[in-house]
Structures are given as structure tokens and as C-alpha cells.
Amino acid sequence: FDAHSFVARHHHHHHSSFRQQQQQQQRHYAISPGRVENMDEWIQLSSDSLKRFTGKSLLDVLDDVSTISEIHSNTRYAVLSHGNQTDPIYNYFNKAALQQFEWQENEVYSLHSRYSAPGGALRRDRDEAIQSIARQEELRIIPTAIRQTKYGKQFQLV
């Protein structure tokens, strides 16, 4: 699950409460601009949000993962998220995400998430989706996306 490609339809009447909740979560859990302070609580909130939008939690979609705490050290499923800044910065990477993207933990928490998408049209498409979410115009699930490692090797998120 790649949180910056997690998007679900959102209605206007939820606009302020969703935005306020997002800002409260960011203030409470983020070490600005770095890693979230309480990873278990952050992943639980993220999992709850996923369930509200899709009907399934992280534990529902990650085979062989039975607790939130197991997500952090999991090497099969990359789970990552970024903050709600105008140019979002990563605030959570589990072990699989660090391995897949080839970033070190001391590097990733100051990295703007746009750099995970290759340049050109793919990065513009990603940026447009992020800006749409920021404006609360639309949230949707993006089923696949092309991303790149620290060294530019491309791979597909599914």
C-alpha cells in the first residue's frame, strides 16, 4: 500500500472535518518534517482511513500480517505515507518500503514524495493527483503506479 497513491472519492460535506482530522493527525504524530512519532497509532489511523474509503483495513489486504506492529518490520508489503504539506514529505516507511525504494531511514524523512515518481509525465500525473486530494476535489484508489528507487530503477506499485 502506497499512501500517496491511496485516494478515494470524497464528498464536499466532509471537506472541513476530513481536512481538520488530517491536520490534527499530522500535528500530533509528525516530527516535522520527519518520521511520525507513534508508528503504531499512525498505521492504525491510516488503516482506519483505508477501511472508511474502501471497506478494507490494512490488515484485511496484507496477507499473513495479523497485527499493526507487524507492518513496521514486514518485508513483503511496502507501506509508506507522506505528510499533508503543499510539497509532501515522507513521514512513514516500513522495512519493505525502505528496501524497495532503496532509501536509508535517515534520508527518507526529509524526502519530498514527488521524487518517488519518475520525472516527466509520470511525475506530473502523480503531482496532479496529490494536488486534487489537497484541494479536496477528489479522492480515488489508484490501482497501479510507476515509482522509482533512489537510484532511478523503475517499478510498478500494485
Are the aromatic ring centres of Tyr109 and Tyr92 under 6.0 angstrom apart? no
Side-chain donor-acceptor pair under 3.5 Å between Gln44 and Asp40, yes or no? no
Do Glu105 and Arg35 pass the side-chain contact (heavy atoms from CB on, under 4.5 Å) test, and can you show the C-alpha distance, the side-chain angles, and the key distance before you say yes or no? CA-CA 9 Å; Glu105 195 167 3; Arg35 185 184 63 121; 3.8 Å; yes
Hey, mind stepping through Ile68 and Ser47 against side-chain contact (heavy atoms from CB on, under 4.5 Å) and telling me if it holds? CA-CA 9 Å; Ile68 291 294; Ser47 182; 4.3 Å; yes
Do Asp87 and His112 have a side chain donor and acceptor closer than 3.5 Å? yes
Greater than 12 external heavy atoms within 6.0 Å of Lys150's NZ: yes
Can you measure from CZ (Arg147) to CD (Gln100) and round to the nearest 0.5 angstrom? 12.0 Å
Where do Arg76 and Asp64 land on the side-chain contact (heavy atoms from CB on, under 4.5 Å) test, with the steps shown first? CA-CA 10 Å; Arg76 182 175 177 194; Asp64 301 324; 3.4 Å; yes
Smallest separation among heavy atoms of Tyr90 and Val108, with atom names: CB-O, 3.5 Å
As a quick check of understanding, evaluate side-chain contact (heavy atoms from CB on, under 4.5 Å) for Leu62 and Ile71, giving each step before the final call. CA-CA 9 Å; Leu62 303 179; Ile71 292 172; 4.1 Å; yes
Flag the pair Lys95 / Asn74 as yes when at least one side-chain heavy-atom distance between them is below 4.5 Å, and no otherwise. no
Can you name the one residue among Val61, Asp60, Leu58 that meets side-chain contact (heavy atoms from CB on, under 4.5 Å) with Lys51? Asp60
Hey, does Pro118 have a side-chain heavy atom less than 4.5 Å from the side chain of Ile146? yes
